[in-house]
2 protein chains.
Amino acid sequence: MTNPVETRTTRKRQSILAAATELFLQRGFLATNMDEVAAIASVSKQTVYTHFGTKEALFLEIVTGMTGEAGDELEGQVADPVDGRPIEDFLLEFAEQQLAIVMTPRLMQLRRLVIGEAERFPELGKRLHAKGPGRSIGRLTKAFAHYSESGDVEAEDQRAAASFFNWLVMGEPVNDAMLLGDRAIPDADALRSHARESVRIFLAAYGRRP
Amino acid sequence: MTNPVETRTTRKRQSILAAATELFLQRGFLATNMDEVAAIASVSKQTVYTHFGTKEALFLEIVTGMTGEAGDELEGQVADPVDGRPIEDFLLEFAEQQLAIVMTPRLMQLRRLVIGEAERFPELGKRLHAKGPGRSIGRLTKAFAHYSESGDVEAEDQRAAASFFNWLVMGEPVNDAMLLGDRAIPDADALRSHARESVRIFLAAYGRRP
DNA sequence: AAATCAAACTGTACCGTCCAGTTTGATTTG
DNA sequence: CAAATCAAACTGGACGGTACAGTTTGATTT
């Protein structure tokens with residue numbers, strides 16, 4: 001974390017990033033024009049170009065930045081399971097946190113943007129996949145390895161099990177939001193009960209036999 | 001189904017549709033230009049405009065057409081469950097058919113396209129949602145109502161159960177393909193075993209208690 | 001007679017560059 | 001310490017070049 005000194009240059013830079021982020025998220029890459037970025041940022045167009053070089057570079061900086069931040073947040077929120085913690089507790093907290101963090105308008109817009117530009121910028125798709133579902137599934141896999149030892153989870157392919165759990169939780173809300181827009185994002189209560197049922201299903205299939 | 005007579009006009013029309021479909025799917029709405037549509041269709045630009053009026057109209061015609069076709073296909077492939085058919089058979093066939101029909105490059109490209117343009121054309125997103133997941137979940141709900149009577153399924157909220165089953169099956173493959181491109185589409189064998197495990201998980205959670 | 005064609009044309013949007021002059025903040029000088 | 005100096009960042013506006021949706025025209029085909 002570098003110290004963001006409040007100089008004119010850094011102020012302008014932030015202002016440009018903020019303006020461009022809104023426009024790109026809302027309109028996509030092609031439909032965003034640099035004159036408007038400069039106008040909304042209250043900055044001359046030349047300043048935009050001295051800071052970021054090209055439209056494409058500005059776009060990449062914004063999108064890669066946002067994907068990184070989002071991936072980091074979940075990491076910090078839910079600790080890996082410690083010995084003795086019931087798997088049900090761990091999974092429920094994991095699911096609730098993930099839903100709370102991911103199911104926001106900004107992240108859904110980002111995801112739509114990346115999917116829409118996946119042909120033009122394949123790197124972005126790979127990055128978002130790695131930082132998003134890839135990371136979650138990786139952490140779950142680790143957790144399932146842990147819970148396998150105690151016999152709380154029984155899965156031949158732990159990574160596959162992790163992926164199923166992930167999409168039990170995220171499948172419906174994410175895909176509805178992709179097609180129906182931000183208004184399809186469920187409220188917090190709905191997300192919590194969705195998380196509960198996801199955990200129940202998963203443990204019925206992979207949990208300790210009664 | 002109207003009879004597509006082979007006149008010059010209909011030939012030209014089909015040619016335009018084919019060319020525009022490829023370009024839109026591959027590049028998106030804004031990055032597609034009408035001169036190239038005409039060129040690839042081997043048609044003069046004016047002909048494109050007499051047939052479709054505007055770029056937007058052509059786009060909408062293509063996308064709504066494709067969404068409809070895809071939705072219809074599954075309908076025809078898997079019959080609703082008849083009395084006495086084991087739920088496991090029905091679900092497995094349903095899942096396999098759905099994966100086989102949906103997990104194709106064309107439909108994944110269509111989905112990316114619609115998601116990317118969801119802000120500009122919200123109607124398309126709603127339509128694809130209704131014809132895709134909405135329709136599948138509707139049919140599954142009906143099936144679960146049927147299997148509830150025989151006690152083969154136990155679910156308080158049958159629609160929620162249907163949605164969970166749907167995303168157990170479609171979640172991972174669809175979302176991987178969205179972000180990683182057509183190369184992430186699993187092969188037929190992988191899809192079948194994915195379907196089997198999805199059914200197993202679902203029945204462990206909602207099936208008849210042993 | 002209707003459909004189609006090729007090609008030129010219109011109008012507009014927009015990326016990226018250029019440039020003359022101003023602001024800012026740090027450094028040097030008297 | 002205050003004035004002078006300086007480099008870098010910034011402004012505003014103009015502009016070249018290109019791309020492209022949609023129209024017009026006048027000839028050709030079916």
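Order of the sequence lines fixes the chain letters, A, B, ..., with proteins taken first and strands second; residue numbering starts at 1 for each chain.
- A straight line from CE of M34(B) to P of dT10(C) spans 21 Å, rounded to a whole angstrom.
- Ring geometry for F90(A) against Y147(A) counts as tilted: the plane angle lies between 30° and 60°, on a 0 to 90° scale.
- Remark: dG26(D) base-pairs with dC5(C); criterion is Watson-Crick or G-U wobble with both hydrogen-bond distances under 3.5 Å.
- dA19(D) and dT12(C) make up a base pair, with Watson-Crick or G-U wobble contacts both under 3.5 Å.
- A salt bridge does not link D80(A) to R85(A): none of the charged nitrogens lies less than 4.0 Å from a carboxylate oxygen.
- When the side-chain nitrogen and oxygen atoms of T47(A) are compared with OP1 and OP2 of dT11(D), one or more of them lie within a distance under 4.0 Å.
- Following rounding to the nearest Å, R11(A) (CZ) and dT23(C) (C1') show an atom-to-atom distance of 12 Å.
- OP1 or OP2 of dT4(C) has at least one side-chain nitrogen or oxygen of H51(B) nearer than 4.0 Å.
- Considering only the side chain of T54(B), dG22(D) comes nearest among dT11(D), dG22(D), dC14(C).
- Within 4.0 Å of K45(A), counting heavy atoms only, lies at least one base atom of the nucleic acid.
- Regarding N33(A), its CG atom lies at a distance of 5 Å from the P atom of dC15(C), rounded to whole Å.
- Between F144(A) and F202(A), the ring-plane angle classifies as parallel under the 30° and 60° cut-offs.
- Distance check, rounded to the nearest 0.5 Å: CZ of F164(B) to CD of E172(A) gives 7.0 Å.
- Rounded to whole Å, atom C1' of dA21(D) lies 16 Å from atom CZ of F52(B).
- Checking dC19(C), dG16(C), dC20(D) against the side-chain heavy atoms of Q46(A) singles out dC19(C) as nearest.
- Here dT17(C) presents its C1' atom at 17 Å from NZ of K55(A), a figure rounded to the nearest Å.
- Taking atom OH of residue Y49(B) and atom P of nucleotide dA7(C), one finds them 18 Å apart after rounding to whole Å.
- Under the 6.0 Å cut-off for aromatic ring centres, F59(A) and F121(A) qualify, their centroids lying closer than that.
- One atom, NZ of K12(B), and another, C1' of dT30(D), lie 11 Å apart when rounded to the nearest Å.
- dC5(C) atom P lies 8 Å from atom CD1 of I16(B), rounded to whole Å.
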